[in-house]
There are 2 protein chains.
Amino acid sequence: MPKRVTIADVAAHAGVSHMTVSRVINGANAVSEGTRQRVQAAIDDLGYRPSGIARSLATQRTRTLGVVVPDVSNPFFSDIVLGVEHVAYAANYNVFLCNTEEDPERELSVLHSLEEKQVEGLILCSSRLDDKDLDLALRNHPATVLINRRLPQPDVSAVLVDYELGARLLVEHIVQAGRRNLAFLAGPSASQSRVWRESGYSKALAAADLPPRPARVRSCAPSVAGGQEAARALLSEYPEIDALLCYNDLVAVGALQAAAALGRRLPDDVAVTGFDDIALAALVTPPLTTCRVPRYELGVQAMKLLWQHINGDSSSPALITIPPELVIRASTPSPAT
Amino acid sequence: MPKRVTIADVAAHAGVSHMTVSRVINGANAVSEGTRQRVQAAIDDLGYRPSGIARSLATQRTRTLGVVVPDVSNPFFSDIVLGVEHVAYAANYNVFLCNTEEDPERELSVLHSLEEKQVEGLILCSSRLDDKDLDLALRNHPATVLINRRLPQPDVSAVLVDYELGARLLVEHIVQAGRRNLAFLAGPSASQSRVWRESGYSKALAAADLPPRPARVRSCAPSVAGGQEAARALLSEYPEIDALLCYNDLVAVGALQAAAALGRRLPDDVAVTGFDDIALAALVTPPLTTCRVPRYELGVQAMKLLWQHINGDSSSPALITIPPELVIRASTPSPAT
DNA sequence: TTTGTAGATGTTAGCGCTAACATCCCCCAT
DNA sequence: ATGGGGGATGTTAGCGCTAACATCTACAAA
């Protein structure tokens, strides 16, 4: 490594004390214009860059954040990350991105390492940790905002999507379209948002005087393959099913494919709904009826909340709930059926 | 902020010197089993976490990397990021993710701030900087690996996709299928990979004894909307076009939609090809013929290369070229036409 | 003239760790 | 006994910066 230019080098070069250099790089006003320019010239000459590490040690501020997601290659999370990073950049913060790859142990380990890196804030998306572990892992973390997850203790902020509402909207839409034999591809069992969606599903079923039929709620991986598999199984076991509500759009696309492969017409024989409204949803055949979740906005909101916590503007934890929006496309029949 | 537990606290608690604690947390062998346990107990008692910052200052190693992409929400880049982060995690490194949002100034600023954060390595994807600025910005950076970009000076490593080959494979396939009136939706003009693709396109055209027809090469935004717009314009101006080669799959999907909207049958009237083979490509109607770029692998390769540089295993810069692979689907007619 | 005062600059002491060297103690070979 | 050696532990001096206080100069007010 080529030896780093330090503040002392600049000071010597400019013929001042290192403290004056420090003042210049930090824009302090107590420096005369003449020396300011002299120091600046020395900085440029030497190509000096202050060491963020040394600065952090001295100030106890790292201007660094952690964002933890199960998987950035999932468009749901990459949009969130984009939103977070956008606001963070404007606030002059850098973001550590960590993927847990759906592995709780890795999540723990990542949280641990972010702690050592001394991030000033943490945004944790869709944690797969149970309440106890999560609470414990967060104990030593400073400002934290959860996305799509809440803790029973009301002391940590969260940005949530009203999945229950979303599921209800979808079920109501499906029922209005005349379908009575619904099934639910429920997604991963460790996900809290699954519980919320399932609850909305059940309640809407009950409201429509439809029986619960728990056998038609099936866990699956939150992917195209997961949806394909679960849909195939479900449709084979219960041929009378005429509507598949899916955990998210990826699962729905899988369901679409499985249904088509089994010779079902879409949406005449089987209606399919997704969730999230990722780009894909509008582009498959038939285009998916889904529930739009403003993901970028979710990231922005979470970051703004985190920002407040970091600055101590609002020490009390907040809960923001974002309503999703029904988007009707051709994968469900029109209500006039 | 609750006062941080330091190594001195642990030392006092365990009745040893701070140096012994340091030895324990670093797994040095020169500590007797008895004190090791005593120190470990103190660490657990106090919930001590070593300060990465202080450690970095003392050791001059940050165990931190920077990854710069135009936009993580683009699946092309999010897959790369996933690959990079996967390998980085295994090597116990954390990754700063930065989006440039296609803005060269922001790219510069981000590179600058990563320098201050003292990342040990940098992976820069599809830089939008011109050669001079890029070279300058990289001067002070330690290990660097470029993705989808190379510099005339051969002193910085890069992982590249053989776009020229890919474009040639696609053109050959199209020509074999009997099409003669090709057009090219060429993507953003600032992109270096666009140049490579265009070159492959031209060469393959020449090899097939087809005229170059530069008017049928059209720039467009690398998105569905960009493809839609450019395809509409091109198909209206030149109704005889019977094949659209597209910059990437997103553009191709837009082209698909535009062609359909103009009443063209796919692929009978117009064949369409994409590039990259993102998940979407297989899921649209008709499924896209495309060229698969192993994105995750690209990230993994880049990270491995970076790793070698960081460890000084190979100080000489390397150029890795990854060949893409033709994937034939229904958006192009079979050669037997 | 003396003193006060404010602005510009310098000095010192950390921030929390590790590298490098110093010390101590116990046991063994002589 | 006695010196030597090696394993266990301690001491000291930074890493590159900033906070806090100290100093110095010049000039205005008394």
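Throughout, a chain's letter reflects where its sequence line sits, starting with A, and its residues are numbered from 1.
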For nucleotides 26-28 of chain C, print each protein N/O atom paired with a nucleotide N/O atom at under 3.5 Å, atom names and distance only.
none

From [atom1] ([X]) to [atom2] ([Y]), nearest 0.5 Å:
X: B:Leu146; Y: B:Ser157; atom1: CG; atom2: OG; value: 8.5 Å
X: A:Ile123; Y: A:Thr144; atom1: CD1; atom2: OG1; value: 9.5 Å
X: A:Asp131; Y: A:Leu136; atom1: CG; atom2: CG; value: 12.0 Å
X: B:Asn94; Y: A:Leu97; atom1: CG; atom2: CG; value: 10.0 Å
X: A:Arg194; Y: A:Ser189; atom1: CZ; atom2: OG; value: 6.0 Å

Could you state the [atom1]-[atom2] distance from [X] to [N], rounded to the nearest angstrom?
X: A:Asn26; N: C:dT9; atom1: CG; atom2: P; value: 16 Å
X: A:Leu57; N: C:dC17; atom1: CG; atom2: P; value: 9 Å
X: B:Asp9; N: C:dC17; atom1: CG; atom2: C1'; value: 13 Å
X: B:Ile25; N: C:dA19; atom1: CD1; atom2: C1'; value: 14 Å
X: A:Ile7; N: C:dT9; atom1: CD1; atom2: C1'; value: 14 Å
X: A:Arg61; N: D:dC17; atom1: CZ; atom2: P; value: 19 Å
X: B:Glu116; N: D:dG16; atom1: CD; atom2: P; value: 15 Å

What I'd like to find out is whether the side chain of [X] reaches to under 4.5 Å of the side chain of [Y], using heavy atoms alone.
X: A:Arg61; Y: A:Arg55; value: no
X: A:Pro294; Y: A:Ile322; value: yes
X: B:Leu82; Y: A:Asp71; value: yes
X: A:Gln118; Y: A:Ser56; value: no
X: A:Gln37; Y: A:Val24; value: no

Requested in this report: Verify side chain to side chain donor-acceptor pair (under 3.5 Å) between A:Asp135 and A:Gln153, making sure each step is shown before the conclusion.
Outcome: CA-CA 8 Å; A:Asp135 185 55; A:Gln153 311 83 323; 3.3 Å; yes

**Report entry** Between the first and last five pairs of the helix from C:dT1-D:dA30 to C:dT30-D:dA1, the angle of the axes, rounded to 10 degrees
**Finding:**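 The end axes of the helix from C:dT1-D:dA30 to C:dT30-D:dA1 are about 60° apart, to the nearest 10°.
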
For nucleotides 10-14 of chain C, which of its nitrogen or oxygen atoms have a protein nitrogen or oxygen under 3.5 Å away, and what is each distance?
residue : atom : partner : partner atom : Å
C:dG10  : OP2  : A:Ser17 : N            : 2.7
C:dG10  : OP2  : A:Ser17 : OG           : 3.0
C:dG10  : OP2  : A:Thr20 : OG1          : 2.8
C:dG10  : N7   : A:Arg23 : NH1          : 3.4
C:dG10  : O6   : A:Arg23 : NH2          : 2.5

**Report entry** Residue-phosphate contact under 4.0 Å: B:Ser22 side-chain N/O, C:dT18 OP1/OP2
**Finding:**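 So the side-chain polar atoms of B:Ser22 do come within 4.0 Å of the phosphate oxygens OP1 or OP2 of C:dT18, strictly under.
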
**Report entry** Any A:Gln60 side-chain nitrogen or oxygen under 4.0 Å from OP1 or OP2 of C:dG16
**Finding:** yes

Report task. Tell me which residues in residues 32-48 of chain B put a heavy atom below 4.0 Å from DNA chain C, sorted by number, or none. Result -> B:Tyr48

Query raised in the report: Among D:dG16, D:dT9, D:dT18, which nucleotide sits nearest the side chain of B:Ala30?
Result: D:dT9

Query raised in the report: Which pairs count as salt bridge (charged side-chain N to carboxylate O under 4.0 Å, His left out) when at least one residue sits in residues 12-35 of chain A, sequence neighbours excluded?
Result: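 Applying salt bridge (charged side-chain N to carboxylate O under 4.0 Å, His left out) to every pair that reaches into residues 12-35 of chain A, excluding sequence neighbours, yields A:Glu33-A:Arg36.
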
Query raised in the report: With sequence neighbours left out, which residue pairs that include part of residues 46-89 of chain B fulfil the ring-ring contact (aromatic ring centres under 6.0 Å, His included) condition?
Result: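 Counting only pairs at least two positions apart or across chains, no ring-ring contact (aromatic ring centres under 6.0 Å, His included) contact touches residues 46-89 of chain B.
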
**Report entry** Exercise: do A:Ser127 and A:Glu107 side chains pair donor with acceptor under 3.5 Å
**Finding:** yes

